[in-house]
Trainee: 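One structure, pasted below without further comment.
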2 protein chains.
Amino acid sequence: MSAGDNRLVTSPDVHAEEPDLASLGALLADSTRAAICLALLDGRAWTASEVARLAGVAPSTATSHLNRLVDGGLLAQERRGRHRYVRLADSGIAEMIEALAARAPRRLVPVRSLTAARRHRAVGFARVCYDHLGGSLAVAMTDAMTARELLSWESGPALTASGTAWLARLGIADEAAGAAGRPHVRTCLDWTEQRPHLAGAVAAALFHRALEASWLVPGDGSRVVRLTEPGRDALRRHLGLADEALSTG
Amino acid sequence: MSAGDNRLVTSPDVHAEEPDLASLGALLADSTRAAICLALLDGRAWTASEVARLAGVAPSTATSHLNRLVDGGLLAQERRGRHRYVRLADSGIAEMIEALAARAPRRLVPVRSLTAARRHRAVGFARVCYDHLGGSLAVAMTDAMTARELLSWESGPALTASGTAWLARLGIADEAAGAAGRPHVRTCLDWTEQRPHLAGAVAAALFHRALEASWLVPGDGSRVVRLTEPGRDALRRHLGLADEALSTG
DNA sequence: CCGACACTTCGACGCGCGTCGAAACGTCCC
DNA sequence: GGGACGTTTCGACGCGCGTCGAAGTGTCGG
């Protein structure tokens, strides 16, 4: 797609291709770059300065990290005037990072303030997971959809007929069949709950709808998402969620 | 599970947990460790010496790498007499590594000999993918199953009714419903083909069956799997695979 | 046109870690 | 018991890379 394609310079039979796991690992092996990737899981495009501030490093340091992440294909960038916007390259990369984060060991971070503690609980409850919802709320929704047989799990997650109808009632056409044979009811291992929540195109559409209807509103510039009172109502009505599932753990 | 669990030492509200992506990345960031993980994707248990020889490092170096991989939870080990056997910790780890390998950049490795070249082509054709089949053959089988409507892709990969019947005809009970609501028709991004092939419990059972029936036989101690003449026959009969799909690219 | 700002380049510093060989330990076989 | 073998521990070496500040380039606004 871009320049610098090295598949053309190799003569046919003296070289073979192997996946270079190490170079991808090295990209994630630095704590600053890891923090950047995790922050970018909110799906937004960040400026280089924002990234530097979040990661707590000098702007020059951020530049070199962003260069490596872009070169490695993890990030896409767009230069606009004096700003450099970066975001995750595509949803596949986001999936990969989520999958890794779910399996990574836990690190204990000191909580500096009361608002930070509150935010941390909020992250566990509802957060953006690139293009869909994550957190205990998302897991509860997935469980409820399973219990109501909107979602079936025998041989992989899939919408049932009533699931498709349920979506239609919410004003969401089944976008799963859209992308030429590529599945888009997936699941995503929630890294706070260690249980799967709904992902893929259907989850993205659902999330989009919830934002439109102001059931969910973007939080304070991080991945946090807040559930509004109409949202609580809707989830009670449409999925029969109990009140325990509808508030911060 | 093991000792050194640090979840117990934190007092309730001054610390919060975050995924430590960097430490997991660091585990994979070294080319020797990456080679080890890739080799272990064959699902076998290797001794430390075998690992050292494969990676081309001194035994002492291999020891330290294996220690780190075991401590990091990627590998499980079993000590038997003077031997130390290591293997991937579980199928989840194998999935994660496959997912990473599929997205990792390609590295050009010089092919030293004619047999190495042959082996490389064989790896692209059919190889062990932890507990199931990978390579162009696996992709072709997946495509054929889709074409014959044994496999459906709307809203995620799933067996159709005729797919379940087809499996039963091969002597495979639907083991997908076994593990309490956890899906086990998955797909796996094939890193040679960059297209999905069947994975999960069903694929594992299918692979196991093919080995039993000697349709496939383990290759020369690497991930390579050979397709036998009866195997070719069976794939023609059961899936209508064309001859192009049945031989090394 | 000039100052503020976003970002980049460069050079220098220092730590972390992958590497090895030598030597020790434990196990197995004769 | 003795010798071969698989594995581990230890210490030493050296490279790679993340870090910063200072200076430079480009862009926007007044």
Side-chain angles (χ1 to χ4, degrees), chain A residues 20-40 44-87 104-105 107 221, chain B residues 2-4 20-40 44-72 74-87 104-105 107 221:
Chain A
D20 190 358
L21 205 51
S23 74
L24 180 53
L27 237 38
L28 300 167
D30 174 71
S31 61
T32 300
R33 283 194 297 269
I36 294 174
C37 290
L38 286 178
L40 261 48
R44 269 186 37 231
W46 294 50
T47 67
S49 312
E50 285 176 315
V51 168
R53 187 152 24 86
L54 171 124
V57 295
S60 57
T61 306
T63 291
S64 94
H65 286 310
L66 293 180
N67 285 342
R68 289 192 58 177
L69 289 168
V70 169
D71 289 347
L74 292 191
L75 264 47
Q77 63 179 340
E78 190 176 342
R79 311 195 99 105
R80 214 143 36 171
R82 52 183 168 181
H83 292 283
R84 175 195 204 173
Y85 290 95
V86 292
R87 54 175 211 280
R107 197 172 51 111
Chain B
S2 71
D20 189 358
L21 205 51
S23 75
L24 180 54
L27 237 37
L28 299 166
D30 174 71
S31 60
T32 300
R33 282 194 297 270
I36 293 173
C37 290
L38 250 22
L40 260 47
R44 271 186 36 232
W46 294 49
T47 67
S49 312
E50 285 176 315
V51 168
R53 186 152 25 84
L54 171 125
V57 295
S60 57
T61 306
T63 291
S64 92
H65 285 309
L66 293 180
N67 285 341
R68 289 193 58 178
L69 288 168
V70 169
D71 288 348
L74 292 190
L75 264 46
Q77 64 179 340
E78 189 177 345
R79 311 195 101 105
R80 211 144 38 171
R82 52 181 167 181
H83 292 282
R84 174 195 205 175
Y85 291 95
V86 292
R87 54 175 211 281
R107 196 171 53 111

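In what follows, chains carry the letters A, B, and so on, assigned in the order in which the sequence lines appear, proteins first and then strands, with residues in each chain numbered from 1. Basis for what follows: all heavy atoms, side chains included, without hydrogens, waters or symmetry-related copies.
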Trainee: For residues 67-74 of chain A, run the donor-acceptor check on the side chains, cut-off 3.5 Å, and write out each pair with its distance to 0.1 Å, sequence neighbours left out.
Mentor:
from: A/N67; atom 1: OD1; to: A/R84; atom 2: NH1; distance (Å): 3.4
from: A/N67; atom 1: OD1; to: A/R84; atom 2: NH2; distance (Å): 2.8
from: A/N67; atom 1: ND2; to: A/T63; atom 2: O; distance (Å): 3.4

Trainee: Between B/E50 (CD) and D/dC5 (C1'), how many Å, whole number?
Mentor: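 Going from B/E50 (CD) to D/dC5 (C1'), I get 14 Å.
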Trainee: Separation of A/E78 atom CD from C/dA6 atom P, in whole Å?
Mentor: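 Rounded to whole Å, this separation is 18 Å.
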Trainee: Report the distance from atom OH of A/Y85 to atom CZ of A/R44, rounding to the nearest 0.5 Å.
Mentor: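 Output value for this atom pair is 10.0 Å.
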Trainee: For A/A26, does its backbone N or O pair with a side-chain atom of A/R33 as donor and acceptor, under 3.5 Å?
Mentor: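 Confirmed, A/R33 side chain pairs with A/A26 backbone.
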Trainee: At under 4.0 Å between heavy atoms, which parts of nucleotides 16-30 of chain C does protein reach? Answer with one letter per nucleotide, 5' to 3': B base, S sugar-phosphate only, - none.
Mentor: --SSBB-----BS--
Trainee: Kindly say if A/R79 contacts the phosphate of D/dG26, meaning a side-chain N or O under 4.0 Å from OP1 or OP2.
Mentor: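 So the side-chain polar atoms of A/R79 never come under 4.0 Å of the phosphate oxygens OP1 or OP2 of D/dG26.
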Trainee: Between atom CG in A/L66 and atom C1' in C/dT9, what is the gap in whole Å?
Mentor: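 Answer to the nearest Å: 15 Å.
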Trainee: Let me confirm one number: the CG-CG distance from B/L28 to A/L27, rounded to the nearest 0.5 Å.
Mentor: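 One finds 12.0 Å between CG of B/L28 and CG of A/L27.
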Trainee: So how far is it from A/Q77 CD to A/T47 OG1, rounded to the nearest 0.5 Å?
Mentor: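 Reported value, rounded in 0.5 Å steps: 13.0 Å.
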Trainee: I need the B/D20 CG to A/S31 OG distance, nearest 0.5 Å.
Mentor: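 Here the interatomic distance stands at 8.0 Å.
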Trainee: Calculate the interatomic distance between B/H83 atom NE2 and D/dA4 atom P; express it in whole Å.
Mentor: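 Spelled out: NE2 on B/H83 to P on D/dA4 is 17 Å.
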Trainee: Return the value, rounded to whole Å, for the distance between atom CH2 of A/W46 and atom C1' of C/dA6.
Mentor: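 So the two atoms are 17 Å apart, to the nearest Å.
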